[in-house]
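Scroll down for the structure; my scribbles are underneath it.
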Amino acid sequence: MAKVLELEFKTEAGKSAKLSINDPIEPIDTVAVKAAMDNLITTNVFASATGAFVSVEGARVVERNVTDYDVM
């Protein structure tokens with residue numbers, strides 16, 4: 001089971017952009033996540049095709065289950 005923390009931002013063009021973090025530490029500390037996202041916006045470290053991040057839209061953990069089958 002793979003888990004990813006997705007950080008969702010609004011860009012300069014009004015579009016959404018996401019950053020994904022593999023295997024997040026749980027339980028998620030929402031205060032720390034918000035502070036980190038605000039810091040990414042302030043320092044302008046990342047940008048997308050639609051411009052720099054300008055605001056926080058949200059964060060979520062996405063869980064993916066994979067079942068392999070032996071067909072040989």
Side-chain angles (χ1 to χ4, degrees):
M1 184 169 17
K3 290 187 181 182
V4 175
L5 174 62
E6 289 185 350
L7 307 178
E8 301 174 278
F9 298 90
K10 182 75 74 179
T11 67
E12 291 173 315
K15 304 285 184 177
S16 293
K18 294 180 188 172
L19 290 178
S20 296
I21 300 169
N22 294 327
D23 302 317
I25 297 170
E26 292 190 273
I28 302 298
D29 181 347
T30 56
V31 173
V33 169
K34 174 73 164 87
M37 293 176 78
D38 288 339
N39 188 45
L40 290 173
I41 292 168
T42 302
T43 58
N44 202 25
V45 176
F46 294 102
S48 69
T50 57
F53 299 159
V54 294
S55 66
V56 171
E57 280 198 330
R60 64 185 182 177
V61 172
V62 176
E63 193 170 336
R64 180 175 62 116
N65 294 316
V66 176
T67 304
D68 290 323
Y69 295 96
D70 185 12
V71 293
M72 301 263 180

Other cluster members, V4 - Ile/Leu/Val/Met/Phe/Trp/Tyr, side-chain contacts below 4.5 Å: none
Please tabulate, one pair per line, all N/O donor-acceptor pairs under 3.5 Å involving side-chain atoms of residues 40-48, not counting sequence neighbours.
from, atom 1, to, atom 2, distance (Å)
T42, OG1, D38, O, 2.9
T43, OG1, N39, O, 2.8
S48, OG, T50, N, 3.2
S48, OG, T50, OG1, 3.1
S48, OG, G51, O, 3.2

Pairs satisfying salt bridge (charged side-chain N to carboxylate O under 4.0 Å, His left out), at least one member in residues 41-54, at least two apart: none
Minimal non-hydrogen separation, S16 against E57, with atom names: OG-OE1, 2.7 Å
Non-neighbouring partners of K3 that pass side-chain hydrogen bond (donor to acceptor under 3.5 Å, both in side chains), sequence neighbours left out: E26
Residue list, side-chain hydrogen bond (donor to acceptor under 3.5 Å, both in side chains) with K15, at least two apart or on another chain: none
Partners meeting side-chain hydrogen bond (donor to acceptor under 3.5 Å, both in side chains) with E12 (sequence neighbours left out): none
Distance, nearest 0.5 Å, that separates CG of L19 from CD1 of I21: 7.0 Å
Residue pairs involving residues 11-32 (criterion ring pair (Phe, Tyr, Trp, His ring centres under 6.0 Å); sequence neighbours excluded): none
Value rounded to 0.5 Å, distance of CG in L5 from CG in D23: 11.0 Å
Return a table of donor-acceptor pairs under 3.5 angstrom between the side chains of residues 59-71 and protein atoms on other chains or two or more places apart.
from, atom 1, to, atom 2, distance (Å)
R60, NE, E6, OE1, 2.8
R60, NH2, E6, OE1, 2.9
D70, OD1, M72, N, 3.3

